[in-house]
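Structure first, commentary second.
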Amino acid sequence: MTREVSFREKVFSVVRKIPKGQTLTYAEVARLAGSPRAARGVGSILHTNYNPKIPCHRVIRSDGKLGGYNRGNILKLKKLKAEKAL
DNA sequence: AATGTGACAACTC
DNA sequence: CGAGTTGCCACAT
C-alpha cells in the first residue's frame with residue numbers, strides 16, 4: 001500500500017483536529033499519523049512547519065511535560081492552563 | 001546527494 | 001527507581 005500523503009501531512013491533519021480543551025501527546029499524534037514510533041518526527045515537523053491553523057500547543061510530551069513551542073513555551077503553558085481548564 | 005541535528009518515547013540494565 | 005541506548009521522520013547545512 002502506498003501512502004497517499006506524507007507522514008508530515010498526516011500529522012498536521014491530526015493536530016489540526018484536536019478539539020479545544022483536549023491535549024495529545026507526540027506519541028499519540030505519531031500513532032494517529034501511522035507511525036507510532038515517530039514521536040521524534042512529529043516534534044521535528046511541528047518545529048519547522050508551524051502554522052497558525054495548527055494548535056501545536058495542544059501537543060505535549062507523554063512525561064507530562066510541555067515539550068517545546070516555537071512561539072515560546074511559556075505561552076504554551078498559559079494556553080494549556082486556559083483550555084484544559086474548560 | 002549525504003550527514004547531522006532536533007519540540008519524543010519506550011526499552012534495557 | 002534512574003540513566004543510557006535505540007527507533008523514527010523531516011529539515012538544515
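Just so you know, these numbers use all the heavy atoms, side chains as well, and skip hydrogens, waters and symmetry mates. Each chain gets a letter, A, B and so on, in the order the sequences are listed, and its residues count up from 1.
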(message) In the structure I gave you, are the side-chain heavy atoms of A/Ile45 and A/Phe12 within less than 4.5 Å of one another anywhere?
(response)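 With C-beta onward as the side chain, the pair touches.
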
(message) What I'd like to find out is whether the side chain of A/Asn51 reaches to under 4.5 Å of the side chain of A/Ile54, using heavy atoms alone.
(response)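 Touching, per the 4.5 Å side-chain cut-off.
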
(message) Give the residues of residues 17-33 of chain A touching DNA chain C, defined as any heavy atom closer than 4.0 Å, sorted by residue number.
(response)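 Nothing qualifies; none.
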
(message) Heavy atoms only, 4.0 Å cut-off, all strands: where does A/Arg40 land among base, sugar-phosphate and nothing?
(response)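 If one applies the 4.0 Å heavy-atom cut-off, A/Arg40 turns out to touch a base.
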
(request) Determine: side-chain N/O of A/Arg61 to OP1/OP2 of B/dC8, distance under 4.0 Å, yes or no. (result)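 Checking B/dC8 against A/Arg61, a side-chain N or O does come within under 4.0 Å of OP1 or OP2.
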
(message) With a 4.0 Å cutoff (strictly under), does any side-chain N or O of A/Arg37 reach OP1 or OP2 of B/dA9?
(response)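 Looking at the OP1 and OP2 atoms of B/dA9, neither is under 4.0 Å from any side-chain N or O of A/Arg37.
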
Is there a donor-acceptor contact under 3.5 Å from the side chain of [X] to the main chain of [Y]?
X       : Y       : value
A/Lys65 : A/Ile60 : no
A/Thr48 : A/Ser44 : yes
A/Arg58 : A/Ile18 : yes
A/Lys10 : A/Val5  : no
A/Thr25 : A/Glu28 : yes

(message) According to side chain to side chain donor-acceptor pair (under 3.5 Å), who are the partners of A/Asn70, at least two apart in sequence or on a separate chain?
(response)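 Checked A/Asn70 against side chain to side chain donor-acceptor pair (under 3.5 Å); matches are A/His47.
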
(message) What is the separation between atom CG on A/Asp63 and atom C1' on C/dG2, rounded to the nearest whole Å?
(response)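 Distance, rounded to whole Å: 13 Å.
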
(request) Between A/Ala39 and A/Arg8, just flag the one whose closest nucleotide in DNA chain C comes earlier from the 5' side. (result)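 The answer here is A/Ala39.
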
(request) Check each residue of residues 44-54 of chain A for a non-hydrogen atom within less than 4.0 Å of any atom in DNA chain B, then write out the ones that pass by number, or none. (result)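 Contacts with DNA chain B under 4.0 Å: A/Ser44, A/Leu46, A/His47.
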
